[in-house]
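So the structure is just underneath, and the comments pick up after that.
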Amino acid sequence: QVQLVESGGGLVQAGGSLRLSCAASGRTFSNNAMGWFRQAPGKEREFVATISWSGISTTYADSVKGRFTISRDNAKNTVFLQMNSLKPEDTAVYYCAAAYGARSYVATSGYEYWGQGTQVTVSS
């Protein structure tokens, strides 16, 4: 059974940092692009960041560019999202996702597997 399990969420003050992890099990995703998305209450799920299978290429939403960093450790089948300078508008449930293949996508339709999400709350 394929599983993506996010961890590292929590409550943090504005300006603080969190590091999210996404551990995959059931199969290796070393040949797949991976992504992070988020969904705030009453809003649609939105793209945050994606990373190529090799880790060389990354893409970010404009709203997080310069503050968030996505990375991966293929040996551990794990993807990370380092979030710095957090703002109250970053409050959301954050989801990890594995793409259908090596290509990175900013749309949710490009992803085959999803985690259950981890809550990030940023207080002002």
Could you tell me whether the side chain of Gln116 reaches within less than 4.5 Å of the side chain of Tyr95, counting heavy atoms only?
no
Can you measure from NZ (Lys76) to OG (Ser30) and round to the nearest 0.5 angstrom?
15.5 Å
Say you draw a straight line from SG of Cys96 to CD of Gln3; how long is it, rounded to the nearest 0.5 Å?
12.0 Å
Test salt bridge (Lys or Arg N to Asp or Glu O under 4.0 Å) applied to Lys65 - qualifying residues, sequence neighbours left out:
Asp62
So, does Asn32 use its side chain to make a donor-acceptor pair with the main chain of Ala99 at under 3.5 Å?
yes
Side-chain contact test, heavy atoms from C-beta onward, threshold under 4.5 Å: evaluate it for Arg27 versus Tyr113 and give yes or no.
yes
In the single-linkage hydrophobic clustering (I, L, V, M, F, W, Y; side-chain heavy atoms under 4.5 Å), do Ile51 and Tyr60 co-cluster?
yes
Within the structure provided, determine whether Ser17 and Gln82 are in side-chain contact (heavy-atom separation under 4.5 Å).
yes
Without swapping roles, check the side chain of Arg72 against the backbone of Gly55 for a donor-acceptor pair under 3.5 Å.
no
Do Phe68 and Leu86 make a side-chain contact, defined as non-hydrogen atoms from C-beta onward lying under 4.5 Å apart?
yes
Between CG on residue Asn77 and OG on residue Ser25, distance to nearest 0.5 Å:
8.0 Å
Which atom pairs, one a donor and one an acceptor, fall under 3.5 Å between side chains of residues 101-108 and the rest of the protein, sequence neighbours left out?
none

Assess the side chains of Thr91 and Glu89: does a donor N or O sit below 3.5 Å from an acceptor N or O?
no
Non-hydrogen side-chain atoms of Arg38 and Phe47 separated by less than 4.5 Å:
no
With rounding to the nearest 0.5 angstrom, report the CD to OG distance, Glu46 to Ser63.
5.5 Å
Test ring pair (Phe, Tyr, Trp, His ring centres under 6.0 Å) on Phe37 and Trp114 and set out the steps.
CA-CA 10 Å; Phe37 290 76; Trp114 292 83; 5.1 Å; yes
List the steps, then state whether side-chain hydrogen bond (donor to acceptor under 3.5 Å, both in side chains) holds for Thr78 with Asp73.
CA-CA 5 Å; Thr78 301; Asp73 183 340; over 6 Å; no
Scan Val12, Leu11, Leu81 and name whichever one has a side-chain contact (heavy atoms from CB on, under 4.5 Å) with Leu18.
Val12
Okay, side chain of Asn74, backbone of Trp53: is any donor-acceptor separation there less than 3.5 Å?
yes
Donor-acceptor pair, Thr118 side chain versus Gly9 backbone, under 3.5 Å?
yes
Validation row: Asp90, Met83 side chains within 4.5 angstrom (heavy atoms)
no
Any side-chain to backbone donor/acceptor pair from Tyr94 onto Gln39? Under 3.5 Å, distance only.
no
Got a second to check how far Ser21's OG is from Phe80's CZ, nearest 0.5 Å?
5.0 Å
